[in-house]
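Some notes on the structure that comes next.
These numbers come from a predicted model, not from an experiment. By convention in this document, chain letters (A, B, ...) are assigned in the order of the sequence lines, proteins followed by strands, and residues within each chain are numbered from 1.
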2 protein chains.
Amino acid sequence: MSSNPEKPSRGRPKTLKKAAVIDAAMQAYWQEGPTNVSLNEVCARAGVSKPSVYREFGNDDGLAAAVLEVYAETVLGQMLGIVQSDEDLGTKLSKIVSLAAADPLHDHGCLFVKMRAARDQLGPKTQAVIGQIDGMALVAFTKLFAQARTEGGWTSSLPADLAAAYTHAQIGLALDYRARGEDPRAILDLALSVLQPAKV
Amino acid sequence: MSSNPEKPSRGRPKTLKKAAVIDAAMQAYWQEGPTNVSLNEVCARAGVSKPSVYREFGNDDGLAAAVLEVYAETVLGQMLGIVQSDEDLGTKLSKIVSLAAADPLHDHGCLFVKMRAARDQLGPKTQAVIGQIDGMALVAFTKLFAQARTEGGWTSSLPADLAAAYTHAQIGLALDYRARGEDPRAILDLALSVLQPAKV
DNA sequence: ACATTTTAGTACCGAATGGTATTTTATTGT
DNA sequence: ACAATAAAATACCATTCGGTACTAAAATGT
(Lines give C-alpha, C1' and ligand atoms only; values in the text may rest on other atoms or scores of the structure.)
Protein backbone atom coordinates (compact mmCIF):
# COMPACT_ATOMS: atom_id res chain seq x y z
CA MET A 1 0.00 0.00 0.00
CA SER A 2 2.65 2.49 0.99
CA SER A 3 5.50 1.30 -1.22
CA ASN A 4 4.30 1.68 -4.76
CA PRO A 5 5.46 -1.13 -6.98
CA GLU A 6 4.32 1.01 -9.93
CA LYS A 7 7.29 2.83 -11.36
CA PRO A 8 6.27 6.41 -12.06
CA SER A 9 9.02 6.27 -14.66
CA ARG A 10 8.70 9.94 -15.40
CA GLY A 11 10.31 12.97 -13.76
CA ARG A 12 13.19 13.43 -11.38
CA PRO A 13 13.55 10.42 -9.09
CA LYS A 14 12.69 11.11 -5.50
CA THR A 15 15.60 11.08 -3.11
CA LEU A 16 13.82 12.23 0.03
CA LYS A 17 13.39 9.42 2.49
CA LYS A 18 10.21 9.93 4.44
CA ALA A 19 11.36 7.64 7.22
CA ALA A 20 14.56 9.63 7.72
CA VAL A 21 12.66 12.88 8.08
CA ILE A 22 10.23 11.30 10.51
CA ASP A 23 13.11 9.89 12.49
CA ALA A 24 14.96 13.18 12.68
CA ALA A 25 11.77 14.94 13.74
CA MET A 26 11.01 12.26 16.29
CA GLN A 27 14.39 12.54 17.96
CA ALA A 28 14.12 16.32 18.02
CA TYR A 29 10.56 16.37 19.36
CA TRP A 30 11.38 13.72 21.91
CA GLN A 31 14.45 15.40 23.31
CA GLU A 32 13.64 19.08 22.95
CA GLY A 33 9.90 18.84 23.39
CA PRO A 34 7.51 18.90 20.44
CA THR A 35 6.67 22.58 20.84
CA ASN A 36 10.30 23.65 20.99
CA VAL A 37 11.22 22.35 17.56
CA SER A 38 10.22 24.34 14.50
CA LEU A 39 9.69 22.93 11.08
CA ASN A 40 12.79 24.79 9.97
CA GLU A 41 14.73 23.02 12.66
CA VAL A 42 13.50 19.63 11.52
CA CYS A 43 14.50 20.44 7.93
CA ALA A 44 17.97 21.43 9.05
CA ARG A 45 18.42 18.29 11.15
CA ALA A 46 17.15 16.01 8.42
CA GLY A 47 19.18 17.83 5.78
CA VAL A 48 16.22 18.38 3.50
CA SER A 49 14.54 21.45 2.12
CA LYS A 50 11.35 22.89 3.48
CA PRO A 51 9.22 22.42 0.36
CA SER A 52 10.20 18.75 0.35
CA VAL A 53 8.74 18.35 3.81
CA TYR A 54 5.61 20.21 2.83
CA ARG A 55 5.23 18.11 -0.31
CA GLU A 56 5.49 14.96 1.77
CA PHE A 57 3.52 15.86 4.89
CA GLY A 58 1.32 18.78 3.91
CA ASN A 59 2.14 20.95 6.89
CA ASP A 60 3.67 20.84 10.35
CA ASP A 61 0.57 19.19 11.70
CA GLY A 62 0.90 16.39 9.16
CA LEU A 63 4.53 15.88 10.08
CA ALA A 64 3.79 15.75 13.80
CA ALA A 65 0.95 13.31 13.22
CA ALA A 66 3.17 11.08 11.09
CA VAL A 67 5.89 11.18 13.72
CA LEU A 68 3.45 10.25 16.44
CA GLU A 69 2.09 7.37 14.40
CA VAL A 70 5.56 5.93 13.94
CA TYR A 71 6.28 6.48 17.61
CA ALA A 72 3.13 4.61 18.49
CA GLU A 73 4.04 1.69 16.25
CA THR A 74 7.56 1.39 17.58
CA VAL A 75 7.92 2.61 21.15
CA LEU A 76 4.34 2.33 22.35
CA GLY A 77 4.15 -0.99 20.55
CA GLN A 78 6.50 -2.38 23.17
CA MET A 79 4.01 -1.49 25.88
CA LEU A 80 1.19 -3.05 23.93
CA GLY A 81 3.28 -6.15 23.37
CA ILE A 82 3.70 -6.60 27.09
CA VAL A 83 0.01 -6.04 27.77
CA GLN A 84 -0.98 -8.60 25.16
CA SER A 85 1.62 -11.18 26.11
CA ASP A 86 0.89 -14.51 27.73
CA GLU A 87 2.11 -13.77 31.23
CA ASP A 88 0.11 -13.23 34.36
CA LEU A 89 -1.20 -9.85 35.38
CA GLY A 90 1.42 -9.19 38.02
CA THR A 91 4.28 -9.90 35.64
CA LYS A 92 2.78 -7.72 32.94
CA LEU A 93 2.30 -4.79 35.28
CA SER A 94 5.78 -5.23 36.64
CA LYS A 95 7.28 -5.19 33.16
CA ILE A 96 5.29 -2.14 32.17
CA VAL A 97 6.39 -0.34 35.31
CA SER A 98 10.01 -1.15 34.59
CA LEU A 99 9.71 -0.02 31.01
CA ALA A 100 8.10 3.26 31.97
CA ALA A 101 9.91 4.05 35.19
CA ALA A 102 13.40 2.72 34.70
CA ASP A 103 14.19 1.81 31.09
CA PRO A 104 16.73 4.15 29.51
CA LEU A 105 14.46 4.25 26.48
CA HIS A 106 12.37 6.74 28.42
CA ASP A 107 15.22 8.74 29.84
CA HIS A 108 13.81 11.82 28.15
CA GLY A 109 10.26 10.84 28.95
CA CYS A 110 7.69 9.68 26.46
CA LEU A 111 7.01 11.58 23.25
CA PHE A 112 3.35 10.64 23.34
CA VAL A 113 2.95 11.96 26.88
CA LYS A 114 4.73 15.15 25.92
CA MET A 115 2.54 15.66 22.90
CA ARG A 116 -0.59 14.96 24.88
CA ALA A 117 0.48 17.51 27.48
CA ALA A 118 0.97 20.06 24.71
CA ARG A 119 -2.16 19.08 22.78
CA ASP A 120 -3.48 22.60 22.64
CA GLN A 121 -0.42 23.72 20.72
CA LEU A 122 -0.67 20.98 18.12
CA GLY A 123 -2.79 20.70 15.00
CA PRO A 124 -6.03 18.78 14.52
CA LYS A 125 -4.45 15.77 12.81
CA THR A 126 -1.99 15.30 15.62
CA GLN A 127 -4.70 15.78 18.20
CA ALA A 128 -6.73 13.10 16.48
CA VAL A 129 -3.83 10.66 16.62
CA ILE A 130 -3.37 11.46 20.30
CA GLY A 131 -7.01 10.64 20.89
CA GLN A 132 -6.70 7.37 18.99
CA ILE A 133 -3.68 6.29 20.97
CA ASP A 134 -5.38 7.17 24.24
CA GLY A 135 -8.38 5.14 23.18
CA MET A 136 -6.32 2.15 22.12
CA ALA A 137 -4.39 2.18 25.36
CA LEU A 138 -7.60 2.31 27.35
CA VAL A 139 -9.07 -0.59 25.40
CA ALA A 140 -5.92 -2.64 25.81
CA PHE A 141 -5.76 -2.05 29.56
CA THR A 142 -9.44 -2.76 29.96
CA LYS A 143 -9.06 -6.06 28.16
CA LEU A 144 -6.06 -6.81 30.30
CA PHE A 145 -7.98 -6.46 33.54
CA ALA A 146 -11.18 -8.03 32.25
CA GLN A 147 -9.30 -11.05 30.99
CA ALA A 148 -7.26 -11.37 34.16
CA ARG A 149 -10.48 -11.34 36.12
CA THR A 150 -12.19 -14.07 34.12
CA GLU A 151 -9.04 -16.15 34.35
CA GLY A 152 -8.91 -15.70 38.10
CA GLY A 153 -5.71 -13.73 38.05
CA TRP A 154 -7.36 -10.60 39.38
CA THR A 155 -9.72 -10.72 42.31
CA SER A 156 -10.18 -7.01 42.90
CA SER A 157 -13.70 -5.66 42.93
CA LEU A 158 -12.74 -2.64 40.87
CA PRO A 159 -14.44 -2.18 37.50
CA ALA A 160 -12.02 -3.15 34.75
CA ASP A 161 -12.43 0.14 32.92
CA LEU A 162 -11.63 2.12 36.05
CA ALA A 163 -8.55 0.03 36.68
CA ALA A 164 -7.57 0.63 33.07
CA ALA A 165 -8.05 4.39 33.18
CA TYR A 166 -6.22 4.47 36.49
CA THR A 167 -3.26 2.46 35.24
CA HIS A 168 -3.09 4.53 32.08
CA ALA A 169 -3.07 7.73 34.11
CA GLN A 170 -0.41 6.52 36.51
CA ILE A 171 1.89 5.34 33.74
CA GLY A 172 1.53 8.71 32.08
CA LEU A 173 2.30 10.45 35.34
CA ALA A 174 5.43 8.38 35.80
CA LEU A 175 6.61 9.16 32.28
CA ASP A 176 6.06 12.82 33.00
CA TYR A 177 8.28 12.54 36.05
CA ARG A 178 10.96 10.88 33.99
CA ALA A 179 10.90 13.73 31.53
CA ARG A 180 11.78 16.02 34.45
CA GLY A 181 14.62 13.76 35.49
CA GLU A 182 12.88 12.55 38.63
CA ASP A 183 12.55 8.92 39.63
CA PRO A 184 8.85 8.00 39.62
CA ARG A 185 9.33 4.47 40.89
CA ALA A 186 8.21 4.91 44.50
CA ILE A 187 5.13 6.89 43.52
CA LEU A 188 4.20 4.54 40.70
CA ASP A 189 4.61 1.45 42.84
CA LEU A 190 2.47 3.01 45.53
CA ALA A 191 -0.19 4.01 43.02
CA LEU A 192 -0.43 0.60 41.41
CA SER A 193 -0.42 -1.21 44.72
CA VAL A 194 -4.09 -0.39 44.98
CA LEU A 195 -4.82 -2.70 42.06
CA GLN A 196 -3.67 -5.80 43.87
CA PRO A 197 -6.36 -7.25 46.09
CA ALA A 198 -3.96 -8.37 48.76
CA LYS A 199 -0.28 -8.68 49.44
CA VAL A 200 1.28 -11.69 47.72
CA MET B 1 6.66 47.75 51.30
CA SER B 2 4.80 47.59 48.03
CA SER B 3 2.60 50.70 48.39
CA ASN B 4 4.96 53.62 48.71
CA PRO B 5 3.78 56.21 51.19
CA GLU B 6 6.45 58.51 49.74
CA LYS B 7 4.86 60.91 47.26
CA PRO B 8 7.12 61.12 44.26
CA SER B 9 5.58 64.53 43.76
CA ARG B 10 7.30 64.91 40.46
CA GLY B 11 6.43 63.67 36.97
CA ARG B 12 3.27 62.37 35.34
CA PRO B 13 1.19 60.39 37.81
CA LYS B 14 1.03 56.69 37.11
CA THR B 15 -2.31 55.36 35.95
CA LEU B 16 -1.33 51.80 35.18
CA LYS B 17 -2.62 49.41 37.78
CA LYS B 18 -0.25 46.51 38.19
CA ALA B 19 -2.91 44.34 39.74
CA ALA B 20 -5.25 44.85 36.81
CA VAL B 21 -2.60 43.78 34.33
CA ILE B 22 -1.75 40.73 36.42
CA ASP B 23 -5.40 39.85 36.67
CA ALA B 24 -5.99 40.15 32.94
CA ALA B 25 -2.91 38.06 32.24
CA MET B 26 -3.93 35.48 34.83
CA GLN B 27 -7.36 35.01 33.32
CA ALA B 28 -5.89 34.73 29.85
CA TYR B 29 -3.14 32.30 30.87
CA TRP B 30 -5.56 30.25 32.89
CA GLN B 31 -8.17 29.87 30.21
CA GLU B 32 -6.11 29.80 27.03
CA GLY B 33 -3.01 28.19 28.44
CA PRO B 34 0.08 30.20 29.39
CA THR B 35 1.91 29.43 26.16
CA ASN B 36 -1.02 30.41 23.96
CA VAL B 37 -1.16 34.00 25.16
CA SER B 38 1.37 36.50 23.85
CA LEU B 39 2.44 39.61 25.64
CA ASN B 40 0.69 41.61 22.94
CA GLU B 41 -2.50 39.75 23.76
CA VAL B 42 -2.18 40.57 27.44
CA CYS B 43 -1.66 44.24 26.64
CA ALA B 44 -4.75 44.27 24.45
CA ARG B 45 -6.87 42.55 27.11
CA ALA B 46 -5.65 44.80 29.88
CA GLY B 47 -5.99 47.88 27.70
CA VAL B 48 -2.46 49.07 28.33
CA SER B 49 0.51 49.74 26.11
CA LYS B 50 3.36 47.35 25.69
CA PRO B 51 6.08 49.62 27.08
CA SER B 52 4.01 50.07 30.22
CA VAL B 53 4.06 46.36 30.80
CA TYR B 54 7.78 46.18 30.16
CA ARG B 55 8.42 49.11 32.50
CA GLU B 56 6.46 47.35 35.22
CA PHE B 57 7.51 43.72 34.77
CA GLY B 58 10.75 43.82 32.84
CA ASN B 59 9.81 41.21 30.27
CA ASP B 60 7.33 38.45 29.59
CA ASP B 61 9.09 36.21 32.07
CA GLY B 62 8.67 38.81 34.79
CA LEU B 63 4.98 39.14 34.00
CA ALA B 64 4.42 35.40 34.07
CA ALA B 65 6.31 35.09 37.35
CA ALA B 66 4.28 37.91 38.90
CA VAL B 67 1.07 36.30 37.71
CA LEU B 68 2.06 32.97 39.17
CA GLU B 69 2.95 34.54 42.49
CA VAL B 70 -0.45 36.16 42.75
CA TYR B 71 -2.08 32.91 41.71
CA ALA B 72 -0.18 31.11 44.44
CA GLU B 73 -1.24 33.63 47.07
CA THR B 74 -4.89 33.53 46.11
CA VAL B 75 -5.92 30.23 44.57
CA LEU B 76 -3.22 27.94 45.91
CA GLY B 77 -3.58 29.70 49.25
CA GLN B 78 -6.95 28.03 49.59
CA MET B 79 -5.28 24.63 49.34
CA LEU B 80 -2.68 25.61 51.87
CA GLY B 81 -5.39 26.92 54.18
CA ILE B 82 -7.09 23.56 54.18
CA VAL B 83 -3.84 21.70 54.78
CA GLN B 84 -2.97 23.93 57.72
CA SER B 85 -6.44 23.97 59.26
CA ASP B 86 -7.38 22.30 62.49
CA GLU B 87 -9.35 19.37 61.14
CA ASP B 88 -8.38 15.73 61.03
CA LEU B 89 -6.42 14.23 58.16
CA GLY B 90 -9.40 12.56 56.50
CA THR B 91 -11.39 15.77 56.45
CA LYS B 92 -8.49 17.77 55.08
CA LEU B 93 -7.84 15.30 52.30
CA SER B 94 -11.53 15.16 51.48
CA LYS B 95 -11.74 18.93 51.23
CA ILE B 96 -8.66 19.11 49.06
CA VAL B 97 -10.03 16.46 46.77
CA SER B 98 -13.29 18.33 46.43
CA LEU B 99 -11.51 21.60 45.73
CA ALA B 100 -9.30 20.03 43.08
CA ALA B 101 -11.68 17.55 41.50
CA ALA B 102 -15.07 19.20 41.68
CA ASP B 103 -14.91 22.89 42.55
CA PRO B 104 -15.90 25.15 39.64
CA LEU B 105 -12.88 27.26 40.51
CA HIS B 106 -10.83 24.66 38.68
CA ASP B 107 -13.16 24.17 35.75
CA HIS B 108 -10.34 25.21 33.45
CA GLY B 109 -7.77 23.32 35.45
CA CYS B 110 -5.06 24.90 37.57
CA LEU B 111 -2.82 27.63 36.25
CA PHE B 112 0.11 26.39 38.29
CA VAL B 113 -0.23 22.88 36.92
CA LYS B 114 -0.47 24.25 33.40
CA MET B 115 2.61 26.37 33.87
CA ARG B 116 4.54 23.50 35.38
CA ALA B 117 3.60 21.31 32.44
CA ALA B 118 4.89 23.99 30.08
CA ARG B 119 7.98 24.83 32.17
CA ASP B 120 10.35 24.42 29.28
CA GLN B 121 8.61 27.20 27.40
CA LEU B 122 8.76 29.66 30.27
CA GLY B 123 11.53 31.94 31.47
CA PRO B 124 13.94 31.41 34.37
CA LYS B 125 12.06 33.63 36.83
CA THR B 126 8.83 31.80 36.25
CA GLN B 127 10.58 28.46 36.47
CA ALA B 128 12.05 29.51 39.78
CA VAL B 129 8.61 30.41 41.13
CA ILE B 130 7.30 27.06 39.93
CA GLY B 131 10.06 25.35 41.83
CA GLN B 132 9.33 27.34 44.97
CA ILE B 133 5.65 26.50 44.86
CA ASP B 134 6.43 22.83 44.32
CA GLY B 135 8.76 22.91 47.28
CA MET B 136 6.28 24.68 49.52
CA ALA B 137 3.55 22.25 48.62
CA LEU B 138 5.80 19.33 49.38
CA VAL B 139 6.78 20.78 52.73
CA ALA B 140 3.17 21.49 53.61
CA PHE B 141 2.03 17.98 52.71
CA THR B 142 4.95 16.43 54.55
CA LYS B 143 4.09 18.37 57.69
CA LEU B 144 0.49 17.33 57.25
CA PHE B 145 1.30 13.64 57.30
CA ALA B 146 4.03 13.86 59.91
CA GLN B 147 1.78 15.78 62.25
CA ALA B 148 -1.16 13.46 61.65
CA ARG B 149 1.07 10.55 62.50
CA THR B 150 2.33 11.97 65.77
CA GLU B 151 -1.23 12.84 66.70
CA GLY B 152 -2.38 9.33 65.96
CA GLY B 153 -4.57 10.36 63.06
CA TRP B 154 -2.49 8.46 60.53
CA THR B 155 -1.35 4.94 61.19
CA SER B 156 0.08 4.10 57.79
CA SER B 157 3.64 2.88 57.65
CA LEU B 158 4.44 5.03 54.65
CA PRO B 159 7.19 7.64 55.02
CA ALA B 160 5.61 11.05 55.37
CA ASP B 161 7.62 12.56 52.54
CA LEU B 162 6.57 9.78 50.17
CA ALA B 163 2.94 10.27 51.11
CA ALA B 164 3.42 13.98 50.52
CA ALA B 165 5.05 13.59 47.11
CA TYR B 166 2.39 11.06 46.20
CA THR B 167 -0.50 13.27 47.23
CA HIS B 168 1.04 16.24 45.47
CA ALA B 169 1.42 14.21 42.29
CA GLN B 170 -2.12 12.87 42.38
CA ILE B 171 -3.67 16.27 42.97
CA GLY B 172 -1.71 17.60 40.03
CA LEU B 173 -2.85 14.71 37.90
CA ALA B 174 -6.46 15.36 38.82
CA LEU B 175 -6.14 19.05 37.97
CA ASP B 176 -4.67 18.04 34.64
CA TYR B 177 -7.71 15.92 33.94
CA ARG B 178 -9.99 18.79 34.81
CA ALA B 179 -8.21 21.00 32.31
CA ARG B 180 -9.14 18.44 29.66
CA GLY B 181 -12.75 18.47 30.78
CA GLU B 182 -12.61 14.98 32.27
CA ASP B 183 -13.82 14.05 35.73
CA PRO B 184 -10.85 12.89 37.80
CA ARG B 185 -12.85 11.97 40.87
CA ALA B 186 -12.85 8.18 40.54
CA ILE B 187 -9.16 8.03 39.74
CA LEU B 188 -8.20 10.48 42.46
CA ASP B 189 -10.26 8.69 45.10
CA LEU B 190 -8.70 5.41 44.11
CA ALA B 191 -5.23 6.87 44.21
CA LEU B 192 -5.60 8.43 47.62
CA SER B 193 -7.26 5.35 49.07
CA VAL B 194 -3.81 3.89 49.44
CA LEU B 195 -2.99 6.48 52.09
CA GLN B 196 -5.61 5.22 54.50
CA PRO B 197 -4.38 2.28 56.52
CA ALA B 198 -7.75 0.56 56.58
CA LYS B 199 -11.33 1.11 55.66
CA VAL B 200 -13.19 3.32 58.13
C1' DA C 1 6.24 80.97 32.40
C1' DC C 2 9.41 77.38 32.03
C1' DA C 3 12.50 73.68 32.98
C1' DT C 4 12.38 69.07 35.03
C1' DT C 5 10.77 64.69 35.87
C1' DT C 6 8.08 60.69 35.33
C1' DT C 7 4.76 58.02 32.84
C1' DA C 8 1.98 56.85 28.74
C1' DG C 9 1.58 55.59 23.98
C1' DT C 10 2.98 55.30 18.93
C1' DA C 11 5.70 53.44 15.90
C1' DC C 12 9.18 50.87 14.92
C1' DC C 13 12.98 46.81 14.80
C1' DG C 14 15.16 42.23 14.13
C1' DA C 15 14.35 37.49 14.43
C1' DA C 16 11.72 33.53 13.73
C1' DT C 17 7.77 31.11 12.14
C1' DG C 18 4.67 28.58 8.86
C1' DG C 19 4.01 28.49 4.18
C1' DT C 20 4.78 29.19 -1.07
C1' DA C 21 6.12 30.93 -5.85
C1' DT C 22 9.67 30.02 -8.72
C1' DT C 23 13.39 27.98 -10.72
C1' DT C 24 16.68 24.28 -11.36
C1' DT C 25 17.70 19.49 -11.92
C1' DA C 26 17.11 14.80 -13.14
C1' DT C 27 14.73 11.51 -15.35
C1' DT C 28 11.55 9.17 -19.25
C1' DG C 29 8.98 9.09 -23.64
C1' DT C 30 9.06 10.25 -28.43
C1' DA D 1 17.73 16.17 -29.62
C1' DC D 2 13.83 17.65 -27.30
C1' DA D 3 9.37 18.00 -25.01
C1' DA D 4 7.19 16.46 -20.82
C1' DT D 5 7.15 15.37 -16.12
C1' DA D 6 8.18 15.12 -11.35
C1' DA D 7 10.94 16.29 -7.56
C1' DA D 8 14.71 19.12 -5.77
C1' DA D 9 16.27 23.58 -3.56
C1' DT D 10 16.54 28.80 -3.45
C1' DA D 11 14.50 32.59 -2.36
C1' DC D 12 10.90 34.80 -0.94
C1' DC D 13 6.31 36.35 1.69
C1' DA D 14 3.13 37.76 5.44
C1' DT D 15 2.55 37.43 10.16
C1' DT D 16 3.69 37.35 14.78
C1' DC D 17 6.71 37.57 18.39
C1' DG D 18 9.48 39.89 22.19
C1' DG D 19 11.55 44.10 22.81
C1' DT D 20 12.73 49.27 22.31
C1' DA D 21 13.54 54.28 20.44
C1' DC D 22 11.19 58.00 20.49
C1' DT D 23 7.74 61.28 21.38
C1' DA D 24 3.60 63.16 23.77
C1' DA D 25 1.43 64.18 28.06
C1' DA D 26 0.81 65.31 32.91
C1' DA D 27 2.38 66.48 36.94
C1' DT D 28 5.82 69.48 40.29
C1' DG D 29 9.61 72.88 41.47
C1' DT D 30 11.53 77.29 40.73
How are the rings of W30(A) and Y71(A) set to each other: parallel, tilted or perpendicular (split at 30° and 60°)? perpendicular
When rounded to whole Å, the CZ to P distance for the pair R55(A) and dT22(C) reads 17 Å
Nearest whole angstrom, please: distance from the C1' of dG19(D) to the CZ of F57(B). 16 Å
Start with the C-alpha distance between L195(B) and F145(B), add both sets of side-chain angles, then the distance that settles side-chain contact (heavy atoms from CB on, under 4.5 Å), and finish with yes or no. CA-CA 10 Å; L195(B) 295 175; F145(B) 286 107; 3.8 Å; yes
How does protein contact run along nucleotides 14-19 of chain C, one letter per nucleotide 5' to 3', with B for base contact, S for sugar-phosphate only, - for none, heavy atoms under 4.0 Å? ---SBB
Selected nucleotide, minimal atom distance to R10(B) side chain, candidates dT4(C), dT10(C), dA3(D): dT4(C)
What are the two closest heavy atoms between G172(A) and R116(A), and how far apart are they? CA-NH2, 4.1 Å
Presence of salt bridge, D134(B) and R119(B), under 4.0 angstrom: yes
Heavy-atom nearest pair, T167(B) first then A163(B), reads OG1-O, 2.7 Å
Considering only heavy side-chain atoms of P51(B), the closest of dT10(D), dA21(D), dA8(C) is dA21(D)
Provide, to the nearest angstrom, the distance between the CD atom belonging to E56(B) and the P atom belonging to dT7(C). 9 Å
Quick one: are L188(B) and Y177(B) in side-chain contact, heavy atoms under 4.5 Å? no
Taking only side-chain nitrogens and oxygens of S52(A), does any of them come within less than 4.0 Å of OP1 or OP2 of dA9(D)? yes
Would you please say whether a donor-acceptor pair under 3.5 Å links the side chains of D161(B) and T142(B)? no
Taking atom NZ of K95(A) as the centre, report whether more than 12 heavy atoms of other residues, nucleotides or ligands fall under 6.0 Å from it. no
Expected output is a numbered-order residue list: members of residues 12-27 of chain B with a heavy atom under 4.0 Å from any atom of DNA chain D. What is it? R12(B), P13(B)
